[in-house]
K.L.:
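Before I ask anything, let me first share the structure, which is written out below as structure tokens.
Everything quoted here is computed from the prediction, not taken from an experiment. FYI, side chains are in, hydrogens and waters are out, and symmetry mates aren't considered; it's all heavy atoms of this structure.
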Amino acid sequence: MTDTTNTTTNDLPKAYRPADFEGAIYERWLAADVFAPDGAGSTADPEAQPFVIIQPPPNITGSLHLGHAQRATVEDLMIRHARMLGRPALFLPGLDHASIAAQFVLDRIIAAEGETRQSLGRERYLERMREFVAATREVMLGQERRLGASFDWGRLRYTMDEVSARAVRAAFRRLYERDLAYRTEALVNWCPGCRTSVSDLEVVSTPETGTLWSVRYHLIDEATGQPDPAATITVATTRPETILGDTAVAVHPDDDRYRALVGRRVRIPFVERDAPVIADTVVDRAFGTGAVKITPAHDHDDYETGRRHGLPMPTILDDAAAIAGTGTPYDGLDRYEARRRIVADLEARGDLAGERPHEMVIGRCQRSDDVIEPRLKTQWFIRTGPLAAAALEATRSGRTRIVPGHFEKTWEHWLTNIRDWNVSRQLWWGHRIPAWYCPDGHVTVSSDEAGPDACAVCSRPASDLTQDPDIFDTWFSSGLWPFSTLGWPESTPDYARYYPTTVMETAYDIIFFWVARMVMLGIELTGETPFATIALSGLIRDPIGRKMSKTTGNVVDPLGVMDETGADALRFAVVHGATPGNDQRFSDQKLENARNFANKLWNATRFVVGARPVTIAADAPRATPDPAHLGPGERWVRSRLAATTGEVDRALAEFAFAEVTRALYDGIWSEFCDWGLELAKIRLADATLPAAEREATWWTLVEALDGYLRLLHPVMPFVTEELWGALPHRATDPAMLIVARWPGVGERDLVVEGQVQALVELVRGIRNARSEAHVEPASWLPVGVALPVALGPAFEALRPAIERLARARPLERYLTREALHGAMGSGGLAVIAGEIEAMIAVGGAAGDSADARADRIRLERELAEAEGFLEAARARLANEAFTSKAPAAVIEGVRTREAELADQVERLRSRLEG
RNA sequence: GGGCGAUUGGCUCAGUCGGUUAGAGCGCGCGGUUCACAUCCGCGAGGUCACUGGUUCGAAUCCAGUAUCGCCCACCA
């Protein structure tokens with residue numbers, strides 16, 4: 001038992017238990033004030049370009065789900081990377097008041113208490129809401145802390161705070177003054193359940209099977225002015241209840257069946273109103289009967305038709321979508337009850353000409369699933385045409401880049417076909433629209449919190465004015481987020497320094513709701529596109545690809561996951577499986593794999609820390625290994641770290657975060673742990689080596705581990721911080737990894753990489769041969785190798801490690817293959833690993849258990865494989881077209897390959913024959 | 001009706017703007033109590049890269065078309 005390494009216990013516990021330290025680490029970060037770009041503990045270069053990330057503020061309606069966890073992780077990853085690069089990095093936390101979503105949640109809560117919005121009244125309801133969000137707010141912020149999000153908590157914003165309110169008022173006033181906000185009566189999407197209008201985006205087209213009824217309308221006898229019992233025109237409708245709002249029947253002008261009827265009048269049933277038969281090209285002659293009833297106040301097509309023809313537009317539905325104001329017995333009935341009754345009554349009158357099932361698309365409320373009712377309302381709209389044009393210009397010119405790029409098409413399509421945005425909501429929870437009306441109908445828009453002093457048009461005193469009772473669409477305030485959070489419209493220092501921002505990150509599902517609106521409003525109000533890059537992620541789905549939802553019951557609670565496997569594992573898992581813009585399935589296996597990786601890293605660090613040579617003091621300052629004392633193993637470790645660093649840098653630049661984790665997973669596990677540590681173990685334990693060499697080996701491991709921990713820190717901040725704390729540091733290092741510097745890309749040593757790779761293949765080849773021949777695993781067998789001269793020094797340097805890893809003892813080296821064969825004879829197992837050849841002697845006890853037949857099968861398989869490849873290579877080289885057209889380097893590569901394969905085939909053959 | 005994306009071993013996914021033998025995790029089979037780690041180690045099996053055609057010396061990768069699945073957008077009663 002040599003005592004070349006220290007035996008003192010280090011302070012890392014034997015087992016990786018994330019729950020034991022993650023909370024404490026977060027507290028240390030907070031105490032050191034390292035999250036804020038201008039915090040006391042920041043190591044940012046004040047001269048460097050700030051890096052500002054915009055995150056979608058989560059709805060303050062409950063707890064975070066896995067999607068939020070993924071958002072926060074990806075964003076936090078980017079901000080930590082920027083921070084380590086020394087850039088002032090701003091990650092501003094926030095919450096969205098989510099007016100309609102919040103009311104939807106609260107309504108259900110108070111319903112359980114036997115109350116309703118109406119029974120409480122506006123003031124008490126809002127009070128209840130404030131209590132509710134005060135509670136959920138703390139839960140959500142706690143979840144973000146638990147996840148390790150390095151938010152600048154001192155800059156926490158909320159879309160209902162005063163800073164946001166001021167921005168909302170200022171924004172609306174400017175839009176109004178520029179004629180980009182206007183108030184008009186128009187057909188809006190009304191949700192009877194939510195009792196508010198919603199934007200086009202919140203209407204979900206749902207395919208359904210409905211009924212198409214054919215109804216006879218009686219023509220008016222010109223002479224008597226009374227309906228003619230015999231002369232009728234049959235219209236087709238899916239909504240018989242809207243008959244009560246009909247003001248015309250339309251046919252196609254070129255339709256011979258009806259040409260004569262155009263200009264005649266029909267009697268609308270039940271309301272007993274006379275309406276004209278009009279001609280309009282919107283009518284599809286092939287559909288239904290070719291005649292369509294026109295209900296301008298409750299159908300988008302009909303509204304347009306009604307406007308073209310100057311038709312009356314009677315409203316027949318109230319806020320609850322019950323029939324109202326028709327003067328018929330149907331008043332007060334729900335729309336569907338009215339439909340049933342009207343169909344029955346039409347039948348009774350003999351005017352129902354037919355009915356058949358009909359595939360149709362129905363608009364439903366995204367929030368409540370109620371069928372949306374188009375209704376005429378006087379409301380506020382944002383004129384999106386000019387705003388959308390500017391937003392398109394921003395992406396086309398490249399001032400704002402969308403990643404991944406294919407979303408640009410979606411972006412283009414939506415912004416090119418955009419319609420004006422209805423921003424009025426008949427809800428209570430949200431920003432009140434700052435518009436006041438005087439009795440004469442004049443409109444005054446004010447950004448003053450107290451409202452205007454007087455009517456802007458007729459100067460009536462404020463006491464005569466009434467404020468619009470409506471509030472804004474919640475996305476109006478979210479649309480101002482990138483700049484309202486920095487103090488806009490005031491020219492605050494934060495706004496000057498951090499706007500426009502660097503990266504906006506979100507899932508693709510709110511690209512229209514939020515991203516497009518931020519860009520439109522940002523350009524219009526600040527004159528600048530709000531962010532340089534739009535980084536879009538996919539959605540998290542359950543293991544079988546379904547969207548996670550509470551009703552399906554397949555939601556994963558991030559807190560539960562983190563308690564069990566740690567925040568780091570969760571973070572790694574959600575990043576590891578995510579290709580930009582693509583959905584990913586989340587499963588326990590992925591989480592477990594991530595946890596295992598953290599555990600691997602934990603143990604590797606524990607090993608390195610514990611393997612400190614006794615000649616190095618426990619508190620020795622970090623030393624740079626002397627290059628003269630480095631062996632091929634050490635140089636290989638350094639070179640591979642450089643390779644991984646380069647890959648990580650490239651992946652980060654491309655927002656390919658899954659590639660970051662893949663590169664680190666492979667680099668740390670398959671390279672550093674599997675080979676770097678295994679090779680180093682031998683040297684560290686070798687008492688015959690000069691202490692300086694053992695020390696150089698150890699410092700190399702420390703250096704590499706330090707580098708890997710830095711690279712991994714953005715993804716797994718807790719475990720890396722904890723482990724980094726156990727490593728020796730340089731005097732120039734800060735106290736914590738979170739503010740340490742991102743590693744530079746070291747130099748590759750491709751020669752050493754090639755040599756070590758060849759020797760690794762040798763070890764693998766020997767292991768393979770032993771395993772296939774069923775050699776007793778623990779047995780040591782004599783092995784002879786013949787290898788190219790160039791590999792000699794590396795082989796000798798690593799000989800003890802190769803011996804141990806291949807369980808080869810004694811391990812003899814021969815200068816030629818002939819010498820190898822001569823010494824080893826024809827018995828035993830042959831290994832042909834590239835240019836290296838080895839023979840394993842299987843005599844004695846171990847030889848008895850060796851399976852000669854299995855070994856022969858292995859060699860035959862290897863031969864067949866090599867022959868296949870050789871044939872392919874030769875075929876290519878024989879191809880005149882290939883040799884004349886392919887690049888020289890490629891041809892050279894195939895030639896080399898061909899020679900190697902030929903050599904291998906020959907050796908395998910002689911081995912099998914011999 | 002438009003548009004987008006996906007299709008790679010049993011499962012989940014990579015594959016860096018065409019170039020030698022298509023990778024990983026999980027799962028599977030065989031074997032391991034060596035002093036970092038059984039949350040581990042070693043070895044192995046398993047893929048006509050959805051299909052058809054084209055471009056090219058060369059295609060998982062580029063082009064066209066087809067099929068299946070998913071998503072987004074869309075005012076035809």
K.L.:
Looking only at N and O atoms, is any donor in the side chain of A/Asp284 or the base of B/C76 less than 3.5 Å from an acceptor on the other one?
P.N.:
yes
K.L.:
Picking from B/C43, B/C41, B/C57, which would you name as closest to the side chain of A/Trp669?
P.N.:
B/C41
K.L.:
Which is true for A/Glu659 with a 4.0 Å heavy-atom rule: it touches a base, it touches only sugar-phosphate, or it touches nothing?
P.N.:
sugar-phosphate
K.L.:
Under 4.0 Å, heavy atoms only, any strand: does A/Arg650 hit a base, just the sugar-phosphate, or nothing?
P.N.:
base
K.L.:
Under 4.0 Å between a side-chain N or O of A/Asn596 and OP1 or OP2 of B/C40?
P.N.:
yes
K.L.:
Side chains of A/Trp514 and A/Thr506: is there a donor and an acceptor less than 3.5 Å apart?
P.N.:
no
K.L.:
Round to a whole Å and report the spacing from CG of A/Asn417 to C1' of B/C72.
P.N.:
13 Å
K.L.:
Any chance the side chains of A/Thr644 and A/Glu647 put a donor and an acceptor closer than 3.5 Å?
P.N.:
no
K.L.:
What does A/Glu865 touch in the nucleic acid at a heavy-atom separation under 4.0 angstrom: a base, only the sugar-phosphate, or nothing?
P.N.:
nothing
K.L.:
When the distance from OH of A/Tyr303 to P of B/A77 is rounded to whole Å, what number comes out?
P.N.:
20 Å
K.L.:
With heavy atoms under 4.0 Å as the rule, sort A/Pro543 into base, sugar-phosphate or nothing.
P.N.:
nothing
K.L.:
Would you mind reading off the distance between A/Asp855 atom CG and B/C43 atom P, rounded to a whole angstrom?
P.N.:
16 Å
K.L.:
Is A/Val292 touching bases, backbone alone, or none of the nucleic acid, heavy atoms closer than 4.0 Å?
P.N.:
base
K.L.:
OP1 or OP2 of B/G25 less than 4.0 angstrom from a side-chain nitrogen or oxygen of A/Lys590, does that happen here?
P.N.:
no
K.L.:
Which range-with-range stems can be found for RNA chain B when each stem has 3 or more Watson-Crick or G-U pairs in a row and both distances sit under 3.5 Å?
P.N.:
B:1-7 with B:67-73, B:10-13 with B:23-26, B:28-32 with B:40-44, B:50-54 with B:62-66
K.L.:
What nucleic acid atoms does A/Arg767 come within less than 4.0 Å of, heavy atoms only: base, sugar-phosphate, or nothing?
P.N.:
sugar-phosphate
K.L.:
Select one nucleotide: of B/A36, B/C43, B/A77, the one nearest the side-chain heavy atoms of A/Arg606.
P.N.:
B/A36
K.L.:
State which of B/C73, B/A36, B/C41 makes the closest approach to the side chain of A/Glu678.
P.N.:
B/A36
K.L.:
Considering only the P atoms, how many Å lie between B/U66 and B/G23, rounded to the nearest integer?
P.N.:
34 Å
K.L.:
Applying the side-chain contact (heavy atoms from CB on, under 4.5 Å) criterion to A/Trp213, which one of A/Arg239, A/Arg339, A/Arg356 satisfies it?
P.N.:
A/Arg339
K.L.:
I'd like to know whether the aromatic ring centres of A/His358 and A/Phe287 sit less than 6.0 Å apart in this structure.
P.N.:
yes
K.L.:
Write down the distance separating the C1' atoms in B/G25 and B/U39, rounded off to the nearest Å.
P.N.:
14 Å
K.L.:
Need to verify one output field. Residue with the more 5' nearest nucleotide on RNA chain B, A/Lys14 or A/Leu901?
P.N.:
A/Leu901
K.L.:
Using the C1' atom on both, measure B/G9 against B/C26 and round to a whole Å.
P.N.:
13 Å
K.L.:
Taking the side chain of A/His358 as its heavy atoms from C-beta onward, which of B/G32, B/A77, B/C43 lies nearest to it?
P.N.:
B/A77
K.L.:
Rounded to whole Å, please give me the gap between CD in A/Gln589 and P in B/U12.
P.N.:
11 Å
K.L.:
Would you say A/Arg585 reaches B/U12's phosphate, i.e. side-chain N/O to OP1/OP2 under 4.0 Å?
P.N.:
yes
K.L.:
Expressed as a whole number of angstroms, how long is the span from A/Arg804:CZ to B/C41:P?
P.N.:
14 Å
K.L.:
Which whole-number value in Å describes the distance from A/Trp213 CH2 to B/A77 P?
P.N.:
13 Å
K.L.:
Tell me which nucleotide among B/U16, B/A36, B/C71 gets nearest to the side chain of A/Arg541.
P.N.:
B/C71
K.L.:
Looking at every strand, decide which applies to A/Phe512 at a 4.0 Å heavy-atom threshold: base, sugar-phosphate, or nothing.
P.N.:
sugar-phosphate
K.L.:
Should we say atom CZ of A/Arg17 is surrounded by more than 12 heavy atoms from elsewhere, each under 6.0 Å from it?
P.N.:
no
K.L.:
Could one point to a donor on the side chain of A/Lys681 or the base of B/A36 with an acceptor on the other under 3.5 Å away?
P.N.:
yes
K.L.:
Nearest to the side chain of A/Asn582, heavy atoms from C-beta on, is which of B/A6, B/C43, B/A77?
P.N.:
B/A6
K.L.:
Of all the choices, B/C37, B/A77, B/U20, which nucleotide is nearest to the side chain of A/Arg876 once you look at every atom?
P.N.:
B/U20
K.L.:
Please answer whether the main-chain N or O of A/Arg585 pairs with a side-chain N or O of A/Lys590 as donor and acceptor at a distance below 3.5 Å.
P.N.:
yes
K.L.:
State whether A/Arg897 places a side-chain N or O below 4.0 Å from either non-bridging phosphate oxygen (OP1 or OP2) of B/U21.
P.N.:
no
K.L.:
Using atom C1' of each nucleotide, how far apart are B/C13 and B/C72 to the nearest Å?
P.N.:
23 Å
K.L.:
Go through A/Phe407 and A/Trp411 one step at a time and tell me if the ring pair (Phe, Tyr, Trp, His ring centres under 6.0 Å) criterion holds.
P.N.:
CA-CA 6 Å; A/Phe407 278 105; A/Trp411 175 265; over 10 Å; no
K.L.:
Looking only at the side chains, is there a donor atom on one of A/Asn879 and A/Arg876 sitting less than 3.5 Å from an acceptor on the other?
P.N.:
no
K.L.:
Pick the C1' atom in B/C51 and in B/C30, then give their distance to the nearest Å.
P.N.:
38 Å
K.L.:
How is A/Tyr665 classified with respect to the nucleic acid when contacts are heavy atoms under 4.0 Å: base, sugar-phosphate, or nothing?
P.N.:
sugar-phosphate
K.L.:
Do the side-chain N or O atoms of A/Lys409 get closer than 4.0 angstrom to the phosphate oxygens (OP1, OP2) of B/G2?
P.N.:
no
K.L.:
Using the C1' atom as the point on both nucleotides, what is the distance between B/U7 and B/G19, in whole Å?
P.N.:
25 Å
K.L.:
With the threshold set at 4.0 Å, does a side-chain nitrogen-carboxylate oxygen contact exist between A/Arg858 and A/Asp855?
P.N.:
yes
K.L.:
Give the rounded distance in Å between these two atoms: NE2 of A/His576 and C1' of B/A14.
P.N.:
9 Å
K.L.:
Does A/Trp602 put a side-chain nitrogen or oxygen below 4.0 Å from OP1 or OP2 of B/C40?
P.N.:
no
K.L.:
Looking only at the side chain of A/Asn768 (C-beta and beyond, no hydrogens), which of the listed nucleotides B/U34, B/C41, B/G44 gets closest?
P.N.:
B/G44
K.L.:
Which one, B/A77, B/U21, B/C37, comes nearest to the side chain of A/Phe287?
P.N.:
B/A77
K.L.:
Counting heavy atoms from C-beta on, name the nucleotide in B/C26, B/C37, B/U16 closest to the side chain of A/Asn599.
P.N.:
B/C37
K.L.:
Roughly, in whole Å, what's the span from CG in A/Leu677 to C1' in B/C41?
P.N.:
13 Å
K.L.:
A/Arg17 or A/Val608: which one's nearest nucleotide on RNA chain B is closer to the 5' end?
P.N.:
A/Val608
K.L.:
Could you tell me if A/Lys600 sits above the aromatic ring of A/Phe672, with its cationic atom closer than 6.0 Å to the ring centre and no more than 45 degrees from the axis?
P.N.:
no
K.L.:
If I pick the P atom on B/A64 and the same atom on B/C28, what distance separates them, to the nearest angstrom?
P.N.:
43 Å
K.L.:
Do A/Asn596 and A/Tyr16 have side-chain N/O donor and acceptor atoms under 3.5 Å apart?
P.N.:
no
K.L.:
Does atom CD (A/Glu835) have a neighbourhood of more than 12 heavy atoms from anything else shown, all under 6.0 Å?
P.N.:
no
K.L.:
For B/U8 and B/A77, measure between their P atoms and round to the nearest Å.
P.N.:
37 Å
